[in-house]
Every structure is written in structure tokens, then in C-alpha cells.
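The block underneath contains the structure these notes are about, expressed in C-alpha cells.
Numbers here are sequence positions counted from 1. All values below were derived from every heavy atom in this structure, side-chain atoms included, with hydrogens, water molecules and symmetry-related copies excluded.
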Amino acid sequence: MSENLDDLKSFIIVAQTRSFTKAAGQLGVSQSALSYTLKMLEQRLGIKLLNRTTRSVSLTQEGEQLLNDIEPLITGIEQKLYNLNEFRDSPRGKLRINGTEISLNFLLWDKLSKFSQDHPNIQLELTMDYAFTDIVKDRYDIGIRLGENVHKDMISVKVSHELEMMTLASPAYLHTYGAPQIPDDLHQHRCIGLRLPSHERIQSWEFKNSQQNSEIQTLSPEFSMVVSHARLQLKAGLDGLGIVWLPKIMVEAEIQKGNLVTVLKDWSMCYSGYYMYYPSRRESSPLFRLLVDTLKLN
């Protein structure tokens with residue numbers, strides 16, 4: 001029996017994501033069309049592959065076996081097709097990248113923009129989130145996270161220098177409430193927090209005294225406002241709503257214009273730079289190497 005490879009690929013993505021909604025989004029089709037495709041596949045095979053409810057999708061025993069058998073084969077075929085790009089005059093294809101707001105919006109945007117301009121036949125799909133997404137399961141080509149958060153079984157390439165975090169407030173806020181002198185003083189101030197969906201908690205703030213070489217001090221102030229994106233933190237700080245803890249690269253322009261003032265200057269915190277990471281099987285793709293060479297830190 002000959003099966004359409006697109007139908008089998010659709011099955012793999014549904015099986016990996018356990019969601020018709022997510023799978024349909026990745027494939028660029030409607031949920032109803034995807035559901036029909038899988039139903040027809042099951043009818044042709046004469047085997048039930050998926051257990052469906054209104055809220056979840058799971059694999060039957062037969063579906064699990066089919067997934068284990070065909071996933072490496074389909075992945076190998078896709079890899080061979082990717083490799084054909086080196087024979088084209090102009091590379092083409094699609095690359096999906098998952099990174100944080102800071103890495104994509106501030107650190108790497110100029111490189112990504114130039115890459116898109118230089119290679120108009122390559123479609124970039126950029127997803128910003130704070131959750132530590134499983135790039136293999138969700139079929140991303142590259143993930144971008146801070147170095148200490150990269151999975152050990154992935155190939156990693158550094159894409160940025162150290163990330164320095166700063167504590168800041170607007171002149172108006174400091175005029176009204178004064179400036180904290182040590183991190184513990186933040187408990188007496190209005191602070192703007194960031195919720196991290198990967199841990200379902202509000203991000204803690206970390207400090208290290210550069211003059212005393214002290215241990216890292218971790219604080220969770222009583223936040224007067226909690227937001228889901230760093231850009232909203234920045235807006236809240238600029239509007240004088242409270243003290244913010246943000247990467248230097250994100251606030252440098254506002255400091256130079258006098259819209260934000262650095263506080264706790266001796267207590268800034270530095271983290272290792274951002275890395276892009278990906279499975280080793282992707283390294284042989286010319287299209288993939290083109291993006292890696294563009295983003296890596298020179």
C-alpha cells in the first residue's frame with residue numbers, strides 16, 4: 001500500500017504535539033482538514049492510530065508503533081531534501097526559530113533581518129516565548145537560550161556576549177520614593193515583575209556585589225505589577241510605576257536619554273551569553289549551516 005508522505009508527516013506532527021490545534025498551526029492547514037486527513041489515513045490502513053477526545057489526543061498502541069517506525073525515515077527524507085539546497089543558485093526553504101524576547105528582539109534582530117533580505121527564498125518563522133520549549137517535539141530548527149539553560153544533548157553555538165542585568169527607575173519615581181541603597185531595600189519599593197510560564201512563577205531578581213565579590217543574592221519583592229513580556233516591564237518603568245530589573249542592552253537608549261536611572265549600581269548581575277542549540281542531525285543541511293554561520297558570535 002502506497003501512502004502519501006504528507007499524510008504520514010501530518011500523523012507524526014499530531015503524534016508529537018498531541019494536539020490537532022498545534023499540529024494544524026505548524027502545517028498551515030485548518031483543524032478540520034487535518035482531522036479529515038488523519039481519518040482517511042486510518043481508514044486506508046484499517047487501523048486506529050489516535051484516541052481523540054474533545055480535549056486531548058493520544059496514540060493507540062498501533063499508532064505508537066507506527067510513529068516509532070516511520071519518524072526516523074521521514075526525518076531522513078526531509079534531511080535529504082534540505083541537502084539539495086546546495087545545488088540551487090539561491091537557497092530556499094523554511095527555518096523555524098524559538099527564542100526569548102531579549103534574544104530575538106534585541107540581540108539578534110539585525111542579523112535576522114539581514115539574513116531575510118539576503119535570502120528572500122528562505123522563510124524564517126520566529127517564535128518568542130519564555131518557556132523552555134522542546135524544539136524537537138515542537139519541530140523547531142533552532143532554539144536560543146542562555147548558556148546554562150541549553151540541553152546537554154544538543155549542539156550549542158554562542159550568539160552573544162554576557163548578558164548584564166540592571167536595576168532601574170524613572171526620575172519621577174525616584175523623586176517620589178527615593179532610591180534603594182541595597183537589594184533588601186527593594187522590599188520597601190514598588191517593583192515590576194515578569195511572569196515566567198515555563199515555571200509558572202514570577203521571575204526572581206538576582207544581585208552580586210561587584211565591589212565585594214559576594215555571593216549571589218536572590219530576591220522576590222512584593223511586586224506592585226506583574227507582566228508577561230519585558231517590553232511591558234520597560235513601559236511600566238518609563239511611566240514611573242516602579243523599579244524594573246532588565247538587560248542592559250534593552251535599556252541603554254533610555255538611560256542615555258535620561259528616561260531611566262540606574263540604581264544599585266554595585267549590584268548588577270551578569271549571565272553567560274545566549275546560545276543557539278539544535279540536534280546534531282541538522283548540522284549537515286547547507287540551508288541550516290547558512291543560518292548558523294549568520295547568527296554565531298564572531
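- When the side-chain contact (heavy atoms from CB on, under 4.5 Å) test is applied to V157, the partners found at least two apart in sequence or on another chain are M276, Y278, V292, K296.
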Check the pair R145, D129 against salt bridge (Lys or Arg N to Asp or Glu O under 4.0 Å), reporting the backbone distance first and the verdict last.
CA-CA 10 Å; R145 292 294 184 276; D129 66 40; 2.8 Å; yes

Would you please test L291 and I97 for side-chain contact (heavy atoms from CB on, under 4.5 Å) and show each step?
CA-CA 10 Å; L291 181 63; I97 304 172; 3.7 Å; yes

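- With sequence neighbours excluded, the residues forming a salt bridge (charged side-chain N to carboxylate O under 4.0 Å, His left out) with E254 are K257, listed by chain and number.
- Applying the 6.0 Å contact sphere to CD of E252 captures more than 12 heavy atoms from other residues, nucleotides or ligands.
- Between the S116 side chain and the L112 main chain, no donor and acceptor come within less than 3.5 Å of each other.
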Is there a side-chain contact (heavy atoms from CB on, under 4.5 Å) between E164 and I249? Walk through the geometry before answering.
CA-CA 8 Å; E164 181 180 354; I249 190 172; over 6 Å; no

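- Put simply, the side chain of V159 does not reach to within 4.5 Å of the side chain of L107, judged on heavy atoms.
- Between M165 and C270, the closest side-chain pair of non-hydrogen atoms is not below 4.5 Å.
- Heavy-atom minimum distance, L194 versus S228: CD1-C, 3.6 Å.
- Using modelled atom types, no side-chain atom of E62 and backbone atom of I47 make a donor-acceptor pair closer than 3.5 Å.
- Residue-environment remark: NE2 (H187) exceeds the threshold of 12 foreign heavy atoms within 6.0 Å.
- Of the possible donor and acceptor atoms, one in the side chain of E42 sits under 3.5 Å from a partner among the backbone N and O of L49.
- The side-chain contact (heavy atoms from CB on, under 4.5 Å) search around D266 returns N209, S210, Q211, not counting sequence neighbours.
- Closest non-hydrogen pair, P183 versus L219, comes out as O-CD1, 3.0 Å.
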Can you check side-chain contact (heavy atoms from CB on, under 4.5 Å) on L50 and F20, steps first, answer last?
CA-CA 11 Å; L50 301 167; F20 276 94; 4.1 Å; yes

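- Hydrophobic cluster membership for Y36: M40 (Ile, Leu, Val, Met, Phe, Trp, Tyr linked by side-chain heavy atoms under 4.5 Å, directly or transitively).
- Taking T17 as the reference, I13, S19, K22, A23, Q26, D138 meet the side-chain contact (heavy atoms from CB on, under 4.5 Å) condition, with sequence neighbours excluded.
- Within a 6.0 Å sphere centred on NZ of K265, other residues, nucleotides and ligands contribute 12 heavy atoms or fewer.
- Residues L290 and I122 are in side-chain contact: their nearest non-hydrogen atoms beyond the backbone lie under 4.5 Å apart.
- Applying the ring-ring contact (aromatic ring centres under 6.0 Å, His included) definition to pairs two or more places apart or across chains, those involving residues 215-243 are W205-F223.
- Residues that satisfy the salt bridge (charged side-chain N to carboxylate O under 4.0 Å, His left out) test with R190, not counting sequence neighbours, are absent from this structure.
- Residues passing the ring-ring contact (aromatic ring centres under 6.0 Å, His included) test with Y173, sequence neighbours excluded: Y177, H189.
- Counting heavy atoms from C-beta on, the side chains of L246 and L260 never come closer than 4.5 Å.
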Going through the checks in order, is the side-chain contact (heavy atoms from CB on, under 4.5 Å) test met by Y274 and L108?
CA-CA 10 Å; Y274 274 90; L108 298 177; over 6 Å; no

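- Within the model, atoms CD1 of I155 and OH of Y275 stand 14.5 Å from one another, a figure rounded to the nearest 0.5 Å.
- Taking 4.5 Å as the limit, every side-chain heavy atom of L234 sits out of range of all side-chain heavy atoms of V244.
- Residue pairs that meet the salt bridge (Lys or Arg N to Asp or Glu O under 4.0 Å) test with at least one member in residues 207-222, sequence neighbours left out, do not exist here.
- Residues M250 and M166 form no side-chain contact, since every pair of their non-hydrogen atoms from C-beta on lies 4.5 Å or further apart.
- With contacts defined as side-chain heavy-atom distances shorter than 4.5 Å, the pair F11/L41 qualifies.
- By the salt bridge (charged side-chain N to carboxylate O under 4.0 Å, His left out) test, K158 pairs with no residue at all, sequence neighbours left out.
- Partners of K9 according to the salt bridge (charged side-chain N to carboxylate O under 4.0 Å, His left out) rule, which considers only residues two or more places apart in sequence or in another chain, are E78.
- A salt bridge links K114 with D118: the distance from a Lys NZ or Arg NE/NH1/NH2 to an Asp or Glu carboxylate oxygen falls below 4.0 Å.
- Scored by the side-chain contact (heavy atoms from CB on, under 4.5 Å) test, L73 finds no partners at all (sequence neighbours excluded).
- Of the possible donor and acceptor atoms, one in the side chain of Q181 sits under 3.5 Å from a partner among the backbone N and O of A179.
- By the 4.5 Å heavy-atom criterion applied to side chains, I202 and S220 are not counted as neighbours.
- Under a 3.5 Å cut-off, the side chain of D141 and the backbone N or O of R96 do form a donor-acceptor pair.
- Without hydrogens or angle criteria, Q233 side chain to V227 main chain gives no donor-acceptor distance under 3.5 Å.
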